[in-house]
Amino acid sequence: MENSTTTTTRKIWNFKETEKLESAPNLTIRIVLDKLRSCLDTADTRPVIPLCLADPSAFPCFRTTPIAEDAIVDAVRSAKFNCYSPTVGILPARRAVAEYLSQDLPYKLSPDDIYLTSGCIQAIEVLLSALARPNANILLPTPGFLFYEARAAFTHIEMRHFNLLPDKEWEVDLNAVESLADENTVAIVIINPGNPCGNVYTDQHLKKVAETARKLGILVISDEVYAHLTFGSRPFVPMGVFGSIAPVITLGSISKMWIVPGWRLGWLVTNDPNGILKEHGVIDSITGYLNISSDPATFIQGAIPQILKNTKDDFFSKIVNMLREDADFCYERIKDIPCITCPSKPQGSMFVMVQLHLNLLEDIEDDLDFCAKLAREESMIILPGVAVGLKNWLRITFACEPSYLEDGFQRLNAFYKRHAKKQEATV
């Protein structure tokens with residue numbers, strides 16, 4: 001008898017890849033950055049200049065406050081937070097977040113309005129999963145943060161894109177929003193302060209967004225992970241201020257303000273004094289999804305009250321001042337490189353969007369080709385606009401050591417001169 005281990009009959013297995021997971025990563029920044037890192041020349045001994053990620057924690061000048069570090073140590077040593085967490089988060093942490101966010105609102109949030117998540121990424125995952133239903137669609141900004149697209153694709157929510165207007169400091173094109181929406185539209189996403197544009201919306205514009213959402217019968221998802229990281233003439237205004245006009249769900253975290261993205265503590269907040277979200281079952285959907293999802297580490301939650309209450313204003317002032325100086329430097333140096341232009345000076349977050357002028361360059365096909373060759377020739381990584389939905393633009397991160405910015409723009413200028421069309425190079 002033939003041994004079963006040597007049979008030539010091929011076994012038919014019942015499992016295979018999930019198509020949704022095969023396609024979803026193509027919509028994320030990570031896969032683009034992996035491709036660019038593979039272009040780096042290993043023979044180049046210069047340090048890599050990473051003006052591509054929103055993670056300044058790698059640079060000593062952006063270290064978090066010792067108060068936050070001590071809060072983590074205290075939480076661990078207390079032995080009070082070695083347990084499982086409730087799915088919505090532990091009450092002291094939710095109460096602390098409610099009190100912290102209520103400082104900027106015309107009404108008081110309750111701990112019941114707060115849902116703690118493993119960073120803002122999980123908050124997006126929870127919310128889009130809660131809103132998914134047959135034929136639902138969501139309005140997303142271009143350019144934007146493409147994790148929304150990845151999650152929408154995975155949950156079968158149709159994506160409809162509206163433009164942000166570069167000549168109006170990246171305001172929402174509200175006329176386009178109205179033309180895109182229909183009876184199956186569930187929400188509009190805004191990101192303020194802006195990723196990837198570095199813009200900060202005025203309270204007048206945010207009110208118009210809320211009024212448009214009310215007219216269309218949709219909720220506003222306000223991604224405020226860069227809240228208060230503003231350094232221009234416009235102060236940060238939370239979208240929740242207008243929660244009485246239309247229901248607002250705010251997404252945020254301690255990642256950027258405290259320079260600790262790896263701590264993975266975020267929140268989903270319902271700003272809905274009229275109770276519309278509860279009436280229409282959205283609250284039940286959120287809690288239902290959290291019941292089958294993971295929680296942020298309990299000891300991080302245990303540290304949150306101390307972190308939010310005890311961090312001094314001078315820590316935030318230092319961070320904002322560094323970002324202001326870096327943004328100013330970046331904006332001025334962009335002017336020295338003819339192949340890129342910046343439509344408006346960044347006023348918040350950690351980024352600036354610049355338009356790439358391919359007509360001034362030789363042998364560069366598009367923004368991805370530009371960034372791949374820049375990585376290979378100059379050991380410098382910046383993000384192509386296609387990774388945030390805007391082809392032939394670039395997103396430059398300026399939250400890094402000043403010496404890296406100085407070196408980076410020297411390399412960028414050298415790259416331009418090497419690839420400039422001859423008539424431009426001789427001007």
Side-chain angles (χ1 to χ4, degrees), residues 53-86 88-105 109 111 114-124 193 195 223-231 236 238 250-269 294-326 348-351 397-401:
L53 280 177
D55 185 2
S57 65
F59 303 103
C61 66
F62 279 100
R63 182 170 177 171
T64 193
T65 171
I67 288 172
E69 297 169 343
D70 291 344
I72 295 292
V73 172
D74 291 347
V76 171
R77 287 181 172 168
S78 73
K80 296 178 181 178
F81 305 107
N82 295 334
C83 56
Y84 290 119
S85 163
V88 295
I90 64 174
L91 180 57
R94 288 187 291 121
R95 182 184 293 118
V97 172
E99 292 174 356
Y100 171 71
L101 297 178
S102 292
Q103 297 176 80
D104 298 320
L105 298 172
L109 293 168
I114 312 297
Y115 304 84
L116 299 183
T117 58
S118 295
C120 198
I121 288 290
Q122 193 198 20
I124 297 170
N195 174 11
D223 186 323
E224 299 176 3
V225 73
Y226 293 96
H228 293 292
L229 291 180
T230 60
F231 36 80
F236 167 70
T250 300
L251 310 181
S253 75
I254 63 170
S255 299
K256 312 304 181 181
M257 279 279 286
W258 276 268
I259 321 294
V260 287
W263 290 9
R264 311 307 298 157
L265 194 287
W267 49 74
L268 182 158
V269 180
S294 59
D295 318 312
T298 312
F299 73 88
I300 301 287
Q301 297 184 49
I304 281 298
Q306 189 173 328
I307 291 173
L308 297 183
K309 181 180 179 181
N310 296 340
T311 302
K312 307 300 182 185
D313 288 342
D314 60 354
F315 169 72
F316 300 123
S317 297
K318 177 186 175 184
I319 298 298
V320 169
N321 286 335
M322 285 193 294
L323 290 175
R324 178 187 295 109
E325 291 174 3
D326 289 349
S349 76
M350 301 175 178
F351 315 103
T397 306
F398 49 76
C400 64
E401 294 280 353

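Here the structure is a predicted model, which is why all the values come from computation and not from measurement. Each residue takes its place number in the sequence, starting with 1.
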Would you check if [X] and [Y] make a side-chain contact, meaning some heavy-atom pair closer than 4.5 Å?
X      : Y      : result
Leu229 : Leu323 : yes
Leu251 : Ile124 : yes
Asp295 : Tyr84  : no
Asp55  : Pro261 : yes
Thr298 : Asn82  : no
Val320 : Thr230 : no
Val97  : Ile304 : yes
Asp223 : Cys120 : yes

Query raised in the report: Quick one: side chain to side chain contact (heavy atoms under 4.5 Å, CB included) partners of Cys61, sequence neighbours excluded?
Result: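 Only Phe59, Met322, Glu401 meet the side chain to side chain contact (heavy atoms under 4.5 Å, CB included) criterion with Cys61.
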
Query raised in the report: Considering residues at least two apart in sequence or located in another chain, which fulfil the side chain to side chain contact (heavy atoms under 4.5 Å, CB included) criterion with Leu105?
Result: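 Result, side chain to side chain contact (heavy atoms under 4.5 Å, CB included) vs Leu105: Tyr107, Leu109, Pro238, Val241, Asn271.
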
Interatomic spacing from [atom1] in [X] to [atom2] in [Y] - rounded to 0.5 Å:
X      : Y      : atom1 : atom2 : result
Ile90  : Phe81  : CD1   : CZ    : 5.0 Å
Met257 : Phe316 : CE    : CZ    : 4.0 Å
Lys318 : Asp314 : NZ    : CG    : 9.5 Å
Leu308 : Leu101 : CG    : CG    : 8.0 Å
Glu224 : Ser253 : CD    : OG    : 11.5 Å
Leu268 : Leu116 : CG    : CG    : 10.0 Å

So which heavy atom on [X] is nearest to which on [Y], and how close?
X      : Y      : value
Ile259 : Phe62  : CG2-O, 2.9 Å
Pro92  : Pro305 : O-CG, 3.7 Å
Phe231 : Gly348 : CZ-N, 3.5 Å
Ala75  : Ala303 : CB-N, 3.9 Å

Any donor and acceptor pair, going by atom type alone, linking the side chain of [X] with main-chain N or O of [Y] inside 3.5 Å?
X      : Y      : answer
Ser349 : Asn195 : no
Gln301 : Ala93  : no
Lys312 : Ile67  : no
Ser78  : Lys80  : yes

Query raised in the report: After noting the C-alpha distance and the side-chain angles of Trp263 and Phe299, does the key distance pass the ring pair (Phe, Tyr, Trp, His ring centres under 6.0 Å) rule?
Result: CA-CA 10 Å; Trp263 290 9; Phe299 73 88; 8.8 Å; no

Query raised in the report: With sequence neighbours left out, what residues match Tyr115 under ring-ring contact (aromatic ring centres under 6.0 Å, His included)?
Result: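 So Tyr115 forms no ring-ring contact (aromatic ring centres under 6.0 Å, His included) with any residue.
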
Report task. With sequence neighbours left out, write down each residue that passes ring-ring contact (aromatic ring centres under 6.0 Å, His included) with Phe236, or none if nothing qualifies. Result ->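 Per chain and number, Phe236 pairs via ring-ring contact (aromatic ring centres under 6.0 Å, His included) with His228.
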
Requested in this report: For a side-chain contact (heavy atoms from CB on, under 4.5 Å) with Ile254, tell me which candidate from Leu265, Val225, Thr64 qualifies.
Outcome: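 Passing option: Leu265.
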
Requested in this report: Scan for side-chain hydrogen bond (donor to acceptor under 3.5 Å, both in side chains) pairs involving residues 89-102, sequence neighbours excluded, and state none if there are none.
Outcome: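 Of all non-adjacent pairs touching residues 89-102, none passes side-chain hydrogen bond (donor to acceptor under 3.5 Å, both in side chains).
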
Query - Pairs where residues 65-76 contributes a residue and the test side-chain hydrogen bond (donor to acceptor under 3.5 Å, both in side chains) is met, not counting sequence neighbours - result: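 Qualifying pairs: Arg63-Glu69, Asp74-Gln306.
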
Report task. Apply the test side chain to side chain donor-acceptor pair (under 3.5 Å) to residues Thr311 and Trp258: give CA-CA distance (whole Å), side-chain angles for both, the deciding distance (0.1 Å), then the verdict. Result -> CA-CA 9 Å; Thr311 302; Trp258 276 268; 2.9 Å; yes

